[in-house]
**Q** 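The structure under discussion is supplied below as structure tokens; questions concerning it will follow.
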Amino acid sequence: MALLIPFVLAAYVLLYAFAFTIPPLPPISNFLSVGHAQQAQKPLQDTLDAWLEREERIALDKLLANVAPGGRNVKDAAPGSVIASPSREHPNYFYQWVRDAAITTSTLVDLYAEDASSSLSSQLSAILNDYSNLQSALQHTNNPSGTFGDLSGLGEPKFEADGSPFVGSWGRPQRDGPALRAITLMAYLRAYNTSHPSLWASDSGEDWFKPLYDPSLPAHSIIKADLEYVSHFWNQSSFDLWEEVDGFHFFTAIVQLRAMREGADLALAFEDGGAADWYSQQAQRLERFVHGFWDERKGHLVETLFSSRTGLDCGLLLGSLHGYPSASSHTPVYAPYSDELLVSLLALVQDQRTRFPINAAPSSEEDDNAMEGVGLGRYPEDVYDGYGTDKRGGNPWFLCTASAAQVLYITAEHLVTTSNLTISSTGLPFYEALMSSSSLEPQSDTTYGPSDAVFHSVIERLKSAGDEFMEVIKTHTDAEGSLSEQFDRVTGYERGAKDLTWSYGAFLQAVRARKRIL
Ligand code: NOJ
Ligand code: NOJ
């Protein structure tokens, strides 16, 4: 019951917000000090710190420009929509993808949770409420993946900006979307509850939480419907996050696992005991399933089971980051700092370094096996060049490069918090590559702590390697601070959908992780 009260109160407030018209938002520029004069030139000698500080403001401004209501690029979109990019042709990304929207909105929830009393947060809270309402409407929209009746329609990956179904042919269904959306909305519920402690005293009736979680009527509650979808469909194949391969994918499975674990906690808080048991059972099955993505022979995780691809994929980094549990009561599976994830990152980096000419190191003494910052693309076999197919191969992506930095910063943070660096034979190749230019050699089957030099230099090196990835982003960001989807593997210039919302979100998350260890 103790747990129930906060959730009921949070939901009470949410419904309250739904029930009243939200006043028009003040322009975003009120909250951000980005002037056009500032954006116009890019000082060449900028330090990384100075650049990150400025780019952080620009990225938030440009991210919010793609979010309705209020965003300058989405004046005609339904309130609550998050478009993937304002680009309407070459390529047309003026749609709302369930995945991109949930991931972007989770960044907004984090910003909201940081300081719920700020003026930015009142703007965000209006966006978050509209997002919830619109997602509920999308759940109930018949679409080419199916309907709400049997929940099949929840696997639809993208909708038009006005909320109507997208009826063209596409890689569907994609089963990561409902899991990501549930994770985002559960985080919002927790954040809202934390920021409104005074509401504990108010008189809330049982009905208030129903729009988000109604034990008996999933048809009327967004989170419950998504949890039901995940629990019943995770064991069926679907298209991957890159919308190309039908199969079973690490990214999809690990975010489904997180949704089921957190969903079981939420169900318990709402005294929805049967559902809590059912979600926990699915979580246990998913946990075993996710372990199956470790390929002992290859020595790294693989993104898709039974695939002819190498399996090295930026989806591994993204899955680990988005699947990382928010409550310490859940033992993370393949956390960003896990040996399995770190050696997978190393293998991906080693592949991409030689694949893209812009990654060639200027020095001749370069060590090919070193763990150093490079421009990272989606996966080795990629041929999508941002506009169409290029048989010669793909390009580095901002969101993948930022994710590598975020993984390294989180690993540094984890070592600082636990005061423990245990190097196993699995993780050894990563730590050797990370420390390849140092005289200190990390040893396998050894535990290091704050009294060991190795412990401190590993942490320092994790930060500096993370910064190298951020330097790559800085190098390829244009003078306006805009981030598109990709940057050219030969010229380094931006390409693909311009102002990709997800690029800004991934950048902001990496910056936030960096700040926590400064
Ligand atoms: C092909 C790309 O590989 C895929 O990831 C993308 O979603 C679609 N084209 C649409 O842009
Ligand atoms: C293509 C990417 O492959 C996919 O992951 C994304 O959802 C869409 N573009 C929209 O950004």
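When a ligand or atom number is given, it counts from 1 through the structure's own listing order. Throughout, residue positions are numbered sequentially from 1 according to the sequence presented.
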**Q** For ligand 2, does Trp97 get within less than 4.0 Å through its side chain, its backbone, both, or neither, judged by non-hydrogen atoms?
**A** side chain
**Q** If we ignore hydrogens and angles and just use 3.5 Å, is the side chain of Thr501 paired with the main-chain N or O of Ile83 as donor and acceptor?
**A** yes
**Q** Please list, in number order, the atoms of ligand 2 under 4.0 Å from a heavy atom of Asp100.
**A** 6 (C), 7 (O), 10 (C), 11 (O)
**Q** Any side-chain donor paired with an acceptor under 3.5 Å for Tyr279 and Glu228?
**A** yes
**Q** Do the ring planes of Tyr112 and Tyr188 sit parallel (below 30°), tilted (30 to 60°) or perpendicular (above 60°)?
**A** perpendicular
**Q** Within the 4.0 Å heavy-atom shell around Ala84, which atoms of ligand 2 are there?
**A** 10 (C), 11 (O)
**Q** Does ligand 2 have any atom sitting under 4.0 Å from a heavy atom of Arg378?
**A** yes
**Q** Step by step, work out the ring-ring contact (aromatic ring centres under 6.0 Å, His included) result for Trp234 and Phe289.
**A** CA-CA 10 Å; Trp234 70 264; Phe289 185 61; 5.7 Å; yes
**Q** Can you sort out which atoms of ligand 2 are near Arg99, meaning under 4.0 Å from one of its heavy atoms?
**A** 4 (C), 5 (O), 7 (O)
**Q** Should the pair Arg355-Asp351 be classified as a salt bridge under the 4.0 Å nitrogen-to-oxygen rule?
**A** yes
**Q** Please list, in number order, the atoms of ligand 2 under 4.0 Å from a heavy atom of Trp502.
**A** 5 (O)
